[in-house]
Amino acid sequence: MSKKSSGYAVRSLIALAVASAFPLHAAMAAEAAAAATGQPAADAPDTATKGQLETVIVTAQRRAENIKDVPMSIATLKGDKLDVLTSAGADIRFLAGRSPSVNVESDYGRTFPRFYIRGLGNIDFDLNASQPVGLVMDDVVMENSMLKDFPVFDVDQIEVLRGPQGTLFGRNSPAGVIKLDSAKPVFKTEGYVNLGYGKDGMKSAEGAYNLPVSDTVALRFSGQTQRRDNFVHNPLPTGTQDFEGYKDSAARIQLLVKPNRDMSALLNFHVRDLDGTGTLFRANIIKPGTNELVDNFDYNSYPSDGLNTQHLKTKGGSARLRWDLPGVTLHSITGFEALELYSGADVDGGYGASYHLPSGPVKPIPFSLETADFIPHHKQLTQEFRAESNTKDALQWIAGVFYFKEHVQIDSIGFDTFANHAQYPGYTTQSQDANSWAVFGTLNYAVSDKLKLRGGVRYTNDKKDFVATRVEPGSIGPQTIHNSTNNVSWDLSGTYTLDKDTNLFSRIATGYRAPSIQGRLYGPTDVPSMADSEKAVSIEAGIKQDLFDRRARLSASVYDYRVKNKQLTAGSGSINMNRQINADKAVGHGVELEFQANLADGLSASLGSSYNYTEIQDPNLYVKVCGSPCTVTNATGPFPGTAWINGNPLPRAPKWQHNFTLKYSKPVGDGELYAFTDWTYRTTYNDFLYAAKEYAVKPLTQGGLRVGYKWDRYEVALYGRNITNQVEAQAAIDINNLTGIVNEPRTYGVTFKATF
């Protein structure tokens, strides 16, 4: 190793030690937020020479900045890595484990993703559920969970903002924000087409076409369509016979109008249409007393007597206006979203009578549970006005107002499996009108060339009007909840430059989630449940460093948080119903590490790792446990069928997560031959608030491989996902039958891409 390289390595280790020992409470209390400089990402120059890593520009603080200068733990995904991870028709769940402390899962298949950052998430399956992780697509917050899974295509960059984002984003984001930015129109003709074919009849087509209409107007059309054949089959004579196929199409059109250098208007309209099947709930697949799948488990066989179908349509649009005036830039962001959903499944996951297959007898389940949820009406309107300084002064500022309005109706119905799936006469309907407004502001001050401070504050007012009714002979309700809350969130942060390659940062931030309400009414004594608002305080410190003449990059952080009145979702034993509850508090702490490097000509790698410790702290909190026999390991609660959960980790929050990528490329002929492999690993987690042997999910390692050849404007590649074919139960339904949900098995295929 050269003397210069040794110096970089020593400084890196010293900086890591400083970051780990950083006096969080004292330092953060004295820091406010830093002068944001930089130009829009589309215009930001990258002066990297051959072998150097490109500069990463992010908009985590609502300004375009070098990621190294932002005092926050941030991860990004873009370019080739994003193309690889979205192979094989992957939906947004591909983000699980791809950056430290991030998990994504769903009980609805390709819809209703549930995000977790640093262990904070929500396992609620009700369609009115809120989440502590916000998702922002093209500067518009997507509140309803059915909006959070819009297909990822023609995306410029994904940013993962870890920790509370209560100041600039604000809307229910005490855990963090996932931010997606679509590729925007530009004033040149360009585009691409990407075609794929794979296992189980997987067919995909994605493309974009950018058209400059004039010197001041540009259009960008982009779209994606995916088709997969059914490949799971029902060996029994009743119910849906074939599963896991789908048709999923989405499109986006953007219009950029830029009459002069000081003004622009970006209009966006997008739609999606999904037809397929929902999650397969598989009865009796977990061995009693263990977390192992039963012997001879067959992914492609699903004995069931119920129906399974899912249809989702979404549409939305936005108008983003910008005016650059002397000393100040004005923004207006208007967003509208709407959706319609029908999702029905055989929740019991089995067969209600004895039946014998050639392979042996099918174990009957004790009762039938076939249900459907649908959203016949939904609309969301958001409006933000924001002003920001655009000078090069040491003091910079942002100020704005935000308005949110949403109406949603949710109907839940049941079917009599043994009467030709006839709908039961009773059903539950929920309706909620939510209104929220906020004012916010931040100050960034460059104390010196080395020290930059930032600070922000946001006042939020939330109102919800909720009505739940059980419609049947002897109807229940209407039962109403009217709730109004307000909150002040704030953050203080700072960056200190050790040298031109090394920044230390620290941050203290608060976040807030409005009360959550749901009302699945099954009997005359049922009432809607509400969890009070939760408030988070998080402190973190870390280092961001370029190494070896920008051929490597390191980011490391340590954090500690406390969530007061943590909103949790408790099951109801043997009934398909959740209840909202609050724990006195939940705490967590951990470490996150990201490293990427160009190791040699044509060889690059990345590594991400996180340790997350979480704990529920409420000595008086107990919940109902599984409705069918399972091996609960918590102490028995005050009533039969309950358990104490004080001291348990948060559900679906693995302690350790690791990810790794390695790419090798070599010139061959007139092009480039490359191979790219990616791997993720996570440790065990509890499915539910209580602990049980059957519902302690096993550790999981999954890998992918892509081998391709690029030449001129073309690329052809072979890919494989989950190449070692690791299949385990990833989630469960605990009301009966040791019912599990498993991850998808190995898949593979070929893609062809052409650009122009």
Distance alone, cut at 3.5 Å: any donor-acceptor contact between the side chains of [X] and [Y]?
| X | Y | value |
| --- | --- | --- |
| S343 | Q310 | yes |
| R110 | Y246 | yes |
| D411 | T428 | no |

Is it true that a side-chain atom of [X] and a backbone atom of [Y] form a donor plus acceptor pair closer than 3.5 Å?
| X | Y | answer |
| --- | --- | --- |
| E105 | A731 | no |
| S130 | S516 | no |
| D416 | F418 | yes |
| N646 | D618 | yes |
| S304 | G306 | yes |
| Q380 | E143 | yes |
| T614 | L650 | yes |
| Q241 | G239 | yes |
| N565 | N582 | no |
| E370 | L307 | yes |

What orientation do F639 and Y622 show, parallel under 30°, tilted 30 to 60°, or perpendicular over 60°?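 Ring orientation of F639 relative to Y622: tilted.
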To the nearest 0.5 Å, what is the distance between [atom1] ([X]) and [atom2] ([Y])?
| X | Y | atom1 | atom2 | result |
| --- | --- | --- | --- | --- |
| S106 | D149 | OG | CG | 8.0 Å |
| R171 | S436 | CZ | OG | 4.5 Å |
| L738 | I733 | CG | CD1 | 12.5 Å |
| L341 | K313 | CG | NZ | 12.5 Å |
| Y690 | N648 | OH | CG | 11.5 Å |
| T429 | I410 | OG1 | CD1 | 8.5 Å |

Lys/Arg cation over aromatic [Y]: [X], 6.0 Å, 45° cone:
| X | Y | result |
| --- | --- | --- |
| R652 | Y116 | no |
| R114 | Y108 | no |
| R252 | F150 | no |

For the ring pair W437 and Y403, is the centre-to-centre distance below 6.0 Å? no
Between F440 and W490, is the ring centroid distance below 6.0 Å? no
Determine which pairs satisfy salt bridge (Lys or Arg N to Asp or Glu O under 4.0 Å) with at least one residue from residues 116-135, sequence neighbours left out, and list them in order. R118-E540, R118-E592, D126-R520
Would you list the pairs meeting salt bridge (Lys or Arg N to Asp or Glu O under 4.0 Å) in which at least one residue belongs to residues 476-486, sequence neighbours left out?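 Pairs touching residues 476-486 that pass the test: none.
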Close side-chain approach of [X] to [Y], heavy-atom, < 4.5 Å:
| X | Y | result |
| --- | --- | --- |
| N122 | T569 | yes |
| T510 | P174 | no |
| D107 | I741 | yes |
| D346 | L280 | no |
| L689 | I581 | yes |
| H270 | N268 | yes |
| V136 | I178 | no |
| T417 | F415 | no |

For [X], look at atom [atom1] and say whether over 12 heavy atoms of other residues, nucleotides or ligands are found less than 6.0 Å away.
| X | atom1 | value |
| --- | --- | --- |
| Y427 | OH | no |
| K535 | NZ | no |
| R93 | CZ | yes |

Sequence-distant partners of [X], side chain to side chain donor-acceptor pair (under 3.5 Å), two or more places apart:
| X | answer |
| --- | --- |
| D242 | H233 |
| D526 | none |
| R282 | none |
| D433 | H407 |

Any chance you could lay out the side chain to side chain donor-acceptor pair (under 3.5 Å) test for S145 and Q131, step after step, and finish with the verdict? CA-CA 8 Å; S145 295; Q131 297 187 20; 3.1 Å; yes
Only one of Q580, Q409, Q432 forms a side-chain hydrogen bond (donor to acceptor under 3.5 Å, both in side chains) with N128, so which one is it?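 Answer to the side-chain hydrogen bond (donor to acceptor under 3.5 Å, both in side chains) test with N128 among Q580, Q409, Q432: Q432.
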Step by step, would you call T314 with M146 a side chain to side chain contact (heavy atoms under 4.5 Å, CB included)? CA-CA 9 Å; T314 68; M146 289 296 170; 5.7 Å; no
